[in-house]
Protein chains: 2
Amino acid sequence: MVPDQASTGALDDAVDPADGVVDAGWAPVTKARTYELVLDRVEAQITSGRLRAGDRLPAERDLAAALGVSRVAVREAMRVLQAMGVITQSTGSGRDAGTVLTAAPGEALTRLVRMHVLLASVGTADVVRARIALERESARLAATHARDADHALLAEHLAVMDDPECSPETFNDRDTEFHVAIAHASGNRLVAEMTTALRNAMRATLLERLQGEDDFRAVAARLAREHHEIHDALVAGEGARAADLVEAHIEGFYARR
Amino acid sequence: MVPDQASTGALDDAVDPADGVVDAGWAPVTKARTYELVLDRVEAQITSGRLRAGDRLPAERDLAAALGVSRVAVREAMRVLQAMGVITQSTGSGRDAGTVLTAAPGEALTRLVRMHVLLASVGTADVVRARIALERESARLAATHARDADHALLAEHLAVMDDPECSPETFNDRDTEFHVAIAHASGNRLVAEMTTALRNAMRATLLERLQGEDDFRAVAARLAREHHEIHDALVAGEGARAADLVEAHIEGFYARR
DNA sequence: GACCTCACTGTGGTAGGACCACAGCAAGTT
DNA sequence: AACTTGCTGTGGTCCTACCACAGTGAGGTC
């Protein structure tokens, strides 16, 4: 069986780990879709070091020909890679046109988390605990790794949020950016990206809650004050205190109802 | 700098923050790719509640016709959703065949993290810190949420790792499953999935390190002992201690060189 | 009547071809 | 020298056709 495309160089690979062997030694034959084979090849090129961030992939048509698959298969693989934030694509000719390997996990993570929050696959309470775990670490690291530029950026966001005229939308956006800025100041890329994704995924939810507040200004003032305290702890280089403040800050807002 | 929208509706909700307005009021026209429009429609259906986990999407051909796009566009959107772990697809006819909404972020997260580790987008040191942050939380929660079945599963993994005949491969797999089991026992789905993804993404790296140990048995014995201590803390319901032990456990192994 | 066989139908999977829009580049024109 | 124009390579989109698979039910066989 498995005629599986003429003309494919479609090789095996397929290292299915630990699958319940139902009948003595009869593995169920891997029926990998073609685009997955393409994905494997690309990953192999990266693993072997022949392909690294910044490099340009062959044109879709060329890659299809080289792998012996149709362009559709290549395109679907590219779609997946794009969804993971591994490549960026653009039209046109020239050196930088086409498909380029660029590691940008941020957006991809955000979309992933947001979709699963929407699907109720994960509850908001879970997201809150995860945020706390990550942002504690962000704050702790940021206290020692943040530079003057980072502090200045944070101060800028604080100033906007201090403005009594500030709308819930603006406040929410700046709040997001404030937390994200701390995450990036931590120097830990992964923690930063995950923190960003979580905060961004909650953006709509938090905005709704802010807009639904009876006394938005009072809440905003309280949150802004807590932000200032966190900022002060960061500037003072007190990581542990910053972490505790962040935890109280996040938990405090959610616990309000 | 490419704007590179993600997920803007067909219409212009594009709120590009701080982009140099070149000519008075001339927004550069959002040129969303068609498959992104399909994605938006699907997300809208989910947001509105008309579509939820477990539901079946229309057949690709029907969906294409309904949205007025080609089947290719629909397929590419499906590929993205699949890569995010939002849908599963299967051939055949019948009620459960076709495309079904199923929230399974695990694999998707794992692949995403693994790819970015491979691309050196995030360093292993960063992954370790992220793991610690998350697994501390996992352990803390598991100490109060874990049930007898969870404890039994953990004990089973421990028994295998205690076996002096245990190979590095087996040990590594069981170690992974041990940490993953704790994460799932925490009751926090998001933390569990992220923990799993991180541990899985490091699987190959850790295996290499284990195999490269001068005295594998001694290292395995030490790790196994630490596992037992963690397990004991969990059974005793001492979350804080379990968290500290986990941190020391993870940090200790990485710090060895 | 109970059971098996087999064609039918609806589903995703794949391929190949065609055309479009876009961006860079080079040759030609002013 | 500066501008214009057409060429070329890239992803973006669509269409059409066919394949593989799994459930369903009609028909035949015992």
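Side-chain atoms of B:T205 and B:R209, non-hydrogen and from C-beta on, never get closer than 4.5 Å to each other. Within the 4.5 Å cutoff, no side-chain heavy atoms of B:T176 are placed close to those of B:M202.
The residue A:A97 sits apart from the nucleic acid: no heavy atom pair falls under 4.0 Å.
Separating the CD atom of B:E76 from the C1' atom of D:dC14 is a distance of 11 Å, rounded to the nearest angstrom. Rounded to whole angstrom, the span from the CG atom of A:L57 across to the C1' atom of D:dG11 amounts to 13 Å. Rounded to an integer number of Å, the gap from A:L81 CG to D:dG11 P is 13 Å. In this entry the distance linking CD of A:E36 with P of C:dG12 reads 16 Å, nearest Å. Rounded to whole angstrom, the span from the CZ atom of B:R56 across to the P atom of D:dG23 amounts to 12 Å. Across the protein-nucleic acid pair, B:L63 atom CG and C:dG10 atom P stand 18 Å apart, rounded to whole Å. In this structure, A:R79 atom CZ and D:dG12 atom C1' are separated by 8 Å, rounded to whole Å. Atom CD in B:E60 sits about 17 Å away from atom P in D:dT16, given to the nearest Å.
Look at B:T91 and you won't find any side-chain N or O under 4.0 angstrom from OP1 or OP2 of C:dT11. Contact annotation: B:R33 does not reach the phosphate of D:dG11 (side-chain N/O to OP1 or OP2, under 4.0 Å). Phosphate contact (OP1/OP2 of C:dG12, side-chain N/O of B:T99, threshold under 4.0 Å): present. Here B:R95 does not reach the OP1 or OP2 of D:dA22: none of its side-chain N or O atoms lies under 4.0 Å away. Contact annotation: A:S70 side-chain N/O to C:dA15 OP1/OP2 distance is under 4.0 Å.
Between the side chains of B:R199 and B:H179, no donor-acceptor pair is found at a separation under 3.5 Å.
Across C:dG12, D:dT10, C:dA15, the shortest atom-to-atom separation from the side chain of B:R75 is found for C:dG12. The side chain of B:A59 lies closest to C:dT11, out of D:dG9, C:dT11, D:dG11. Here D:dG11 is the nucleotide among D:dG11, C:dA15, D:dC14 with the atom lying nearest to any side-chain atom of A:Q89. You'll find that the side chain of B:S93 is closest to D:dG23, out of D:dG23, C:dA15, C:dT11.
The ring-ring contact (aromatic ring centres under 6.0 Å, His included) check on A:F178 picks up A:H227, with sequence neighbours excluded.
A donor N or O paired with an acceptor N or O is found under 3.5 Å between the base of C:dG12 and the side-chain atoms of B:R61. Put simply, the side chain of A:R71 and the base of C:dG16 share no donor and acceptor less than 3.5 Å apart.
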Could you give the side-chain donor-acceptor pairs of residues 91-112 of chain B under 3.5 Å, partners two or more places apart or in another chain?
residue : atom : partner : partner atom : Å
B:T99   : OG1  : B:Q89   : NE2          : 3.2
B:T110  : OG1  : B:G106  : O            : 3.1

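Using a cut-off of 4.0 Å between Lys/Arg side-chain N and Asp/Glu carboxylate O, A:D55 and A:R50 are scored as not salt-bridged.
Mapping A:V72 and A:G94 onto DNA chain C by nearest heavy atom places A:V72 closer to the 5' end of the strand.
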